Amino acid sequence: MKLCMGCMNEIDDQETKCPVCGFLEEKQTESPFLSPGTILEGKYIVGRALRYHGYTVTYIGMDAERSCKVWIHEYLPIDFSTRSYGENRVTIYSGDALARFGEGLVFFLNEAAGLERFGKLPGVAEVYACIAENDTGYVITEYLEGQTLKEQLEEGAHFSVEVAADHIKNLLSGLSVLHEHGILHSNIAPDTIFMTTEGEARLIDFGTARYVTSENTKNLSALYKKGYTPEEQYRRIGERNPSSDVYALAAVMYRMITGRVPEESVDRALKDELKAPSELGVEIFSASVENALMNALNVHQEDRTENAGKFLQELTAFDTKKRLVKQETEKEKKRWPWALAAGAFVVMLGLLAFFFVRFFGSKESIDQAATVDTSAKMPDLTRFASVEEAEEAARKKGILLKADIIFNQEEAGERIADQTVSAGIALNTVDAGLGKDGRVEVGCTVLTSKRAKYEVVKDWVASQYLFDEERKKEILVLEVKEEPKSKPFGAVYEIELKDGKKIKAEELFLEENGEKILKFDDIKNIWQYTGDIYWIKSMKNYVGKYVQDVSFQVNTYSSDGRKTVREHNSKEKLPVMEEFYSLSEHYGSGYIVSQMLEKGKKYRSDKMPGALFKVVKESVSYKKSDAKDLLTKLNKVQGVKVVEKGAGEMVRDIKIRHKKALAVKAKDYLFKTGDTIIVTLEPAPTPSPTPVPTRKAVSKPKVTPKTTPKPTPGRTPKPTPGKTPKPTPGLREDEFEGSPGKKGR
């Protein structure tokens with residue numbers, strides 16, 4: 001038997017066309033997608049490509065370790081990258097495309113990792129793993145049987161208000177949890193809602209549109225879903241927040257019950273003529289539900305339901321009121337001619353003031369009176385060599401730049417990498433607030449290696465991560481502070497600025513200080529904790545050994561900066577992370593599961609802060625005959641889900657479902673937070689009663705004495721034929737299924 005790469009069902013070896021899905025093995029055409037049969041991370045089998053959005057491709061796949069189907073999503077933005085036919089590695093275009101690709105890849109994996117930690121949520125496809133491989137990234141999610149809501153609607157599906165509301169409530173249950181943690185979908189539409197064969201709606205393709213912008217992709221369908229995209233997402237200056245997802249999901253519900261897609265949000269922003277479902281003849285069982293729907297469909301964010309939790313609350317309430325939105329009255333419309341005349345008068349006064357200042361005022365006063373030149377167009381800020389030049393060019397156009405500072409070690413200085421209003425746009429059409437001196441506010445992103453926000457600085461473990469070696473020699477004098485036991489090497493104690501101001505470490509960690517900026521040129525000294533430094537001249541492969549057997553050298557610093565070098569003591573705290581638990585006595589406390597550096601690399605704890613090894617924290621011992629004791633111990637391990645199958649007082653089988661793959665041979669015996677342990681129980685065997693023999697009168701047979709034959713020299717007598725009794729099935733008390741029998745400590 002073999003796997004069909006089209007549907008991941010087993011088919012006969014001789015089949016070339018799958019009898020289930022019709023997939024033809026030999027009919028593969030050249031494409032930039034992975035070839036069916038490719039293996040990722042040693043366990044995920046890639047099948048055929050199912051859909052492509054211009055930036056991600058989704059494949060059907062198989063998790064060989066768990067023997068279950070999965071979806072594999074690959075980051076492959078067509079504007080920045082491609083793949084040669086038959087190759088696995090991605091080819092990334094040079095120049096600006098390389099940076100764009102990297103930014104998107106980081107977002108793609110980080111967004112998925114944020115979802116992964118939530119595990120199973122109602123109405124959301126579960127994320128199993130995130131993988132960096134082939135110079136790109138992959139997200140593994142659960143496989144769903146069914147079809148998208150878009151496919152159902154195109155086939156003529158119609159939903160009653162009650163059924164549609166139930167589906168939307170289910171989606172909102174999971175979405176509300178994510179909104180509470182700042183995670184948005186940003187692309188909700190019928191094609192990103194999957195209807196399973198069990199009748200449950202699930203959100204898929206989470207966050208994929210958030211790293212796509214009109215500047216870095218030609219595939220605008222990834223950005224705008226006609227009728228479902230809120231108006232703020234059409235504006236670069238518009239702020240996306242949970243209410244953006246609320247609008248899109250409400251638009252989906254509107255389509256489900258009315259059969260109509262709502263009018264475009266940007267058109268509604270000019271003139272809103274959207275009718276309520278009841279006005280279209282839809283039978284509404286509750287006015288409260290319709291009010292909740294229309295509140296969520298309000299065009300402007302300030303009038304709209306603010307998040308998924310609030311939308312869910314209003315959908316389930318009995319007394320939801322329709323939110324009043326200020327509408328332009330007929331009386332106000334009649335005022336327009338007068339308003340225009342008054343506006344013309346004000347413009348005339350402004351021109352007179354301008355000419356007065358132009359001919360009689362100073363240059364300084366002209367700068368202070370700078371306003372938007374309505375005939376001007378937005379300049380391309382990214383072409384300027386420095387931020388100062390870009391700010392000056394913007395100021396001359398009457399623009400106030402609002403910069404978002406992003407620290408990037410690889411930047412030689414700092415530059416503007418992005419702007420919220422595209423170059424060439426007429427400034428009088430820009431929908432933005434006015435800043436100082438009447439100038440229009442435009443946002444931009446500054447990439448810099450010269451300054452950083454406090455929220456970045458606070459994550460220092462050692463200051464060299466923000467400075468290259470030459471720069472440290474020029475501007476920093478690293479002082480020594482005696483290390484308290486709770487502080488790691490390199491932790492910041494205090495930052496002293498050239499103007500005499502001192503920033504304590506506690507100030508960096510205050511939430512209200514997160515957006516403050518620290519300029520590196522202003523730094524005079526950084527006071528650090530030193531602590532002991534562990535080092536290994538050349539790393540070996542320590543996986544499978546015990547951390548106490550690893551030979552370290554230790555540098556110890558006194559408060560006056562003197563250094564002492566010594567061999568490590570096994571009782572000292574080593575740079576390890578006690579992350580794993582073991583169900584085998586062969587892998588006890590301190591057993592190394594993985595290491596962060598490859599063989600042959602040099603290790604110093606001050607250069608590589610954090611754990612070097614991940615080790616077993618505790619070995620959970622148990623007896624096969626005492627299932628209750630094992631379950632009690634497992635339930636005490638925080639973050640581990642224990643599933644009990646069967647009934648009885650004996651352990652028949654134990655399986656571990658890992659949340660992430662473990663790169664160790666002993667993975668079946670090791671588990672960690674997030675894993676699921678399935679314990680199958682069986683009753684203890686009932687001993688059979690010994691039968692009492694029945695006596696019968698038997699006549700004694702005559703016994704003819706036999707002579708024992710002498711053995712022939714050089715031959716061993718053949719044993720009497722018979723059956724060797726099979727061992728009793730089950731596990732020994734010191735092992736379970738597949739034990740390697742390896743002796744441990």
Side-chain angles (χ1 to χ4, degrees), residues 103 106-107 110-111 113-114 117 178-184 210 237 239-242 306-307 387-388 390-391 400-411 413-420 433 435-436 441-468 471-472 475-531 606 609-610:
E103 291 169 10
V106 170
F107 186 93
N110 285 349
E111 190 81 0
R117 65 190 176 95
L178 300 176
H179 278 181
E180 289 173 3
H181 291 81
I183 298 176
L184 306 181
R210 287 222 284 152
I237 198 70
E239 179 188 356
R240 299 181 188 184
N241 58 32
E306 52 265 36
N307 54 50
V387 174
E388 290 77 12
E391 289 176 339
L400 177 65
L401 289 184
K402 303 288 285 185
D404 183 22
I405 306 299
I406 305 295
F407 173 75
N408 187 328
Q409 175 69 62
E410 297 177 0
E411 286 292 325
E414 55 183 26
R415 64 181 174 88
I416 293 181
D418 193 12
Q419 58 194 68
T420 54
K436 295 177 181 177
E441 290 186 353
V442 173
C444 66
T445 301
V446 173
L447 289 183
T448 177
S449 59
K450 301 176 69 174
R451 47 183 166 156
K453 295 179 182 178
Y454 278 21
E455 65 183 9
V456 174
V457 178
K458 76 178 182 183
D459 290 330
W460 281 348
V461 180
S463 63
Q464 61 264 27
Y465 285 99
L466 290 180
F467 307 97
D468 56 41
R471 186 174 175 81
K472 282 193 294 182
I475 71 165
L476 296 181
V477 181
L478 300 182
E479 301 291 347
V480 177
K481 288 288 177 181
E482 189 173 357
E483 182 213 17
K485 296 300 180 184
S486 60
K487 299 292 183 182
F489 180 92
V492 174
Y493 168 76
E494 184 178 272
I495 299 173
E496 182 181 359
L497 304 182
K498 291 176 182 177
D499 63 3
K501 181 183 176 182
K502 294 181 179 180
I503 304 173
K504 294 284 188 182
E506 304 86 74
E507 294 181 51
L508 301 176
F509 283 84
L510 289 176
E511 187 175 348
E512 58 265 31
N513 290 342
E515 293 296 315
K516 285 187 177 180
I517 302 294
L518 175 65
K519 294 182 179 180
F520 301 152
D521 285 337
D522 293 341
I523 297 175
K524 179 181 180 182
N525 292 324
I526 293 182
W527 298 72
Q528 295 174 289
Y529 296 105
T530 55
D606 60 327

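All values derive from a computational prediction rather than experimental measurement.
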Minimal non-hydrogen separation, L518 against Y454, with atom names: CB-CE1, 4.1 Å
Contact check, side chains of K450 and D521, non-hydrogen atoms, under 4.5 Å: yes
Between NZ on residue K519 and CG on residue L497, distance to nearest 0.5 Å: 11.5 Å
Qualifying residues under side-chain hydrogen bond (donor to acceptor under 3.5 Å, both in side chains), relative to E414, sequence neighbours excluded: T448, R451
Minimal non-hydrogen separation, N307 against P242, with atom names: CB-CB, 3.8 Å
Approximate separation, where rounding is to 0.5 Å, of D522 CG and K498 NZ: 7.0 Å
N513 side chain to E507 backbone, donor-acceptor under 3.5 Å: yes
Spacing of I416 atom CD1 and L401 atom CG [to the nearest 0.5 Å]: 5.5 Å
Audit row: D404, K453, salt bridge (charged side-chain N to carboxylate O under 4.0 Å, His left out) steps and yes/no: CA-CA 10 Å; D404 183 22; K453 295 179 182 178; 2.8 Å; yes
Where V446 and A403 come nearest, the two heavy atoms and their spacing: CG2-CB, 3.8 Å
E494/K504 salt bridge by N-O under 4.0 Å criterion: yes
Straight-line distance of C444 SG to R415 CZ, nearest 0.5 Å: 12.0 Å
Point-to-point distance, once rounded to the nearest 0.5 Å, from NE2 of H179 to CD of E306: 11.5 Å
4.5 Å side-chain heavy-atom contact, I183 and E111: yes
Distance in Å, I503 CD1 paired with K501 NZ, rounded so as to fall on 0.5 Å steps: 5.0 Å
